[in-house]
S.K.: 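If you scroll down you'll find the structure; I have some questions about it.
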Amino acid sequence: MRGRLRGGLGLLGPRHGRHTLPAEQVDALALPIGDDGVVAGVDAEGRPAVLGLNRPTPYDVVLIGSLWTAQVLALRAAATGARVAVETGRPQAWMQMVHAMGGGHNGLAVHEVGRVPPQGASAGTPVLVVRDCGMRPPRGRVVSGPWQSVLTLLPYLSPVAPRLIRQARLVGVQRISPDEAAELGRAMALPRADVESLPTLADGVTLWCADRDRQYVMTQPTDAETGLLGNPRRMD
């Protein structure tokens, strides 16, 4: 896809004074660091795709995809300094991550559904709430707010998906069935090419959509992430 997904992938950073560069040196310019946020993967050109999750305004994300991808994003959010609160009906699926990160004392805590306490998010301690509550997640007690984003994981396109998608600022879609793709295409006004591609996406590939912007991203795990979570997979 062309350009960065400004609605969700890539948070504009601080402004600084202008710098000039002779035109003949432009081709030699390389910037190894992208915008602030969580590196969700790489785009079709191999450039880092960055999710700007830490924001001063409420930010809701819906991921129709795998537990694996949600866990990678949670790990990477914690690595940026955010506290991660996981609301889940399958705590055993998250325990390996909790133990690897110091037993819940190093940025990641797991809570039962409906039992997430107030997080006290601030600019200095941003929070990501991951809602892994199945096909029909109940309305959460802890919602998005300043410096507190909420990522809701749906394994498939469920009956509550249209409502969650309407409320979300960013939607990620991994491989789904042709029928689900057609339904989602109508709900999100996706181009036909995207609708046809969704049932064929490889493991680890996500179509991220914000407003009218869309970008395919491949999440490539680090060695440490592979050792902890295994290889990318759509099914858990």
S.K.: Per the salt bridge (Lys or Arg N to Asp or Glu O under 4.0 Å) rule, what does the pair list look like for residues 74-102, sequence neighbours excluded?
M.R.: Arg76-Glu225, Glu87-Arg131, Arg90-Asp132
S.K.: Can you name the closest pair of heavy atoms from Pro162 and Pro159 and give their distance?
M.R.: CD-O, 3.4 Å
S.K.: Look at the side-chain heavy atoms of Ile, Leu, Val, Met, Phe, Trp and Tyr, link any pair under 4.5 Å apart, and say whether Val129 and Leu108 land in one connected group.
M.R.: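 No, no single cluster joins them.
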S.K.: Is there side-chain contact between Leu201 and Tyr216, with at least one heavy-atom pair below 4.5 Å?
M.R.: yes
S.K.: Might you point out which heavy atoms bring Pro137 and Arg163 nearest each other, and give the distance in Å?
M.R.: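 Looking at all heavy atoms of both residues, the shortest contact is O-NH2, 4.3 Å.
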S.K.: Any idea which heavy atoms bring Trp208 and Ala40 closest together, and the distance?
M.R.: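 What the structure gives for the nearest pair is NE1-CB, 4.4 Å.
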S.K.: Distance from Arg233 atom CZ to Leu229 atom CG, nearest 0.5 Å?
M.R.: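 It comes to 7.0 Å.
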S.K.: Quick one: closest heavy-atom pair of Leu128 and Ala77, and the distance?
M.R.: CD2-CB, 3.8 Å
S.K.: Side-chain heavy atoms nearer than 4.5 Å, only ILVMFWY residues, links allowed to pass through others: does that put Val98 and Val116 together?
M.R.: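 Val98 does not cluster with Val116.
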S.K.: Would you sort out whether Arg169 and Val61 count as a side-chain contact (heavy atoms from CB on, under 4.5 Å), showing the intermediate values?
M.R.: CA-CA 6 Å; Arg169 297 280 303 280; Val61 181; over 6 Å; no
S.K.: First locate atom CD of Glu196, then atom CZ of Arg192, and finally report the distance between them rounded to the nearest 0.5 Å.
M.R.: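 Reported to 0.5 Å precision, the distance equals 4.5 Å.
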S.K.: Examine the side chains of Tyr59 and Asn54 and answer whether a donor and an acceptor come within less than 3.5 Å of each other.
M.R.: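 No donor-acceptor contact under 3.5 Å links the two side chains.
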S.K.: Which pairs pass side chain to side chain donor-acceptor pair (under 3.5 Å) with one or both residues in residues 146-162, sequence neighbours excluded?
M.R.: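 Residue pairs passing side chain to side chain donor-acceptor pair (under 3.5 Å), neighbours aside: none found.
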S.K.: Under 3.5 Å, side chain of Arg136 to main-chain N/O of Gly134, donor-acceptor pair present?
M.R.: no
S.K.: With no hydrogens and no angle check, is any side-chain donor or acceptor of Arg141 less than 3.5 Å from a backbone partner on Gly114?
M.R.: yes
S.K.: Are a donor atom and an acceptor atom from the side chains of Ser197 and Thr200 found within less than 3.5 Å of each other?
M.R.: no
S.K.: So Leu75 and Leu228, do their side chains get closer than 4.5 Å, heavy atoms only?
M.R.: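 Side-chain contact under 4.5 Å: yes.
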S.K.: Given the rule that I, L, V, M, F, W and Y join up when any side-chain heavy atoms are under 4.5 Å apart, are Val130 and Met95 in one cluster?
M.R.: yes
S.K.: Would you check if the side chain of Thr125 reaches a backbone N or O of Ala121 as a donor-acceptor pair within less than 3.5 Å?
M.R.: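 Between the backbone of Ala121 and the side chain of Thr125 there is no qualifying donor-acceptor contact (under 3.5 Å).
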S.K.: Under the side-chain contact (heavy atoms from CB on, under 4.5 Å) rule, what do Val42 and Arg47 come out as? Steps first, then yes or no, please.
M.R.: CA-CA 5 Å; Val42 296; Arg47 297 171 301 189; over 6 Å; no
S.K.: When you measure from the side chain of Ser144 to the backbone of Val150, do you find a donor-acceptor pair of N or O atoms at a distance under 3.5 Å?
M.R.: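 Absent.
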S.K.: Taking Gln174 for the side chain and Ser66 for the main chain, is one N or O donor matched with an acceptor at less than 3.5 Å?
M.R.: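 Yes, because the side chain of Gln174 sits within donor-acceptor range (under 3.5 Å) of the backbone of Ser66.
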S.K.: Heavy-atom distance under 4.5 Å between the side chains of Val173 and Leu184, does that happen here?
M.R.: yes
S.K.: Rounded to the nearest 0.5 Å, how far does CG of Leu170 lie from CG of Leu151?
M.R.: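 Answer for the CG-CG pair, Leu151 versus Leu170, is 8.5 Å.
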S.K.: Donor-acceptor pair, Gln71 side chain versus Ala93 backbone, under 3.5 Å?
M.R.: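 Yes; at least one donor-acceptor contact below 3.5 Å.
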S.K.: Report yes or no: does Asp211 contribute a side-chain atom to a donor-acceptor pair with the main-chain N or O of Asp213 at less than 3.5 Å?
M.R.: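 No: the side chain of Asp211 does not pair with the backbone of Asp213.
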S.K.: Whether Arg175 and Asp203 form a salt bridge (side-chain N of Lys/Arg under 4.0 Å from carboxylate O of Asp/Glu) is what I want to check.
M.R.: yes
S.K.: CD1/Ile64 to CG/Leu198 distance, rounded to the nearest 0.5 angstrom?
M.R.: 9.0 Å
S.K.: Nearest 0.5 angstrom please: Arg234 CZ to Thr206 OG1, how far?
M.R.: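 Spacing of CZ (Arg234) from OG1 (Thr206) equals 9.0 Å.
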S.K.: Identify the heavy atoms of Met101 and Gly107 that sit nearest to each other, and give their distance.
M.R.: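 Heavy-atom minimum between the residues: CE-C, 4.5 Å.
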S.K.: Hydrophobic clusters here meaning ILVMFWY residues chained together by side-chain heavy-atom distances under 4.5 Å, can you tell me if Leu51 and Leu67 are in one?
M.R.: yes
S.K.: Walk me through whether Gln220 and Met218 qualify under side-chain contact (heavy atoms from CB on, under 4.5 Å).
M.R.: CA-CA 6 Å; Gln220 299 174 320; Met218 167 67 81; 3.7 Å; yes
S.K.: Within a strict 4.5 Å, meaning less than it, do heavy atoms of the Pro91 and Glu112 side chains meet?
M.R.: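 Pro91 does not reach Glu112 side chain to side chain.
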S.K.: For a 4.5 angstrom cut-off between non-hydrogen side-chain atoms, does Pro199 reach Ser177?
M.R.: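 The answer is no, as the side chains (C-beta and beyond) never meet within the 4.5 Å cut-off.
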S.K.: Could you tell me whether the side chain of Glu180 and the main chain of Leu157 form a donor-acceptor pair under 3.5 Å?
M.R.: yes
S.K.: Apart from Val113 itself, what residues make up its hydrophobic cluster, given side-chain heavy atom links below 4.5 Å?
M.R.: none
S.K.: Are Val127 and Val84 close enough that some pair of their side-chain heavy atoms sits under 4.5 Å apart?
M.R.: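 They are not in side-chain contact.
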S.K.: Flag yes if Leu153 and Val142 sit in one hydrophobic cluster, no otherwise; membership is Ile, Leu, Val, Met, Phe, Trp, Tyr, and two members link when side-chain heavy atoms are under 4.5 Å apart.
M.R.: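 Shared cluster, no.
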S.K.: Hey, is the main chain of Gly230 close enough, under 3.5 Å, to the side chain of Trp68 for a donor-acceptor pair?
M.R.: yes
S.K.: Quick one: does Gln215's side chain get under 4.5 Å of Leu207's, heavy atoms only?
M.R.: no
S.K.: Just how far is it from atom CG of Leu73 to atom CG of Leu63, taken to the nearest 0.5 Å?
M.R.: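 If we round to the nearest 0.5 Å, Leu73:CG and Leu63:CG are 7.0 Å apart.
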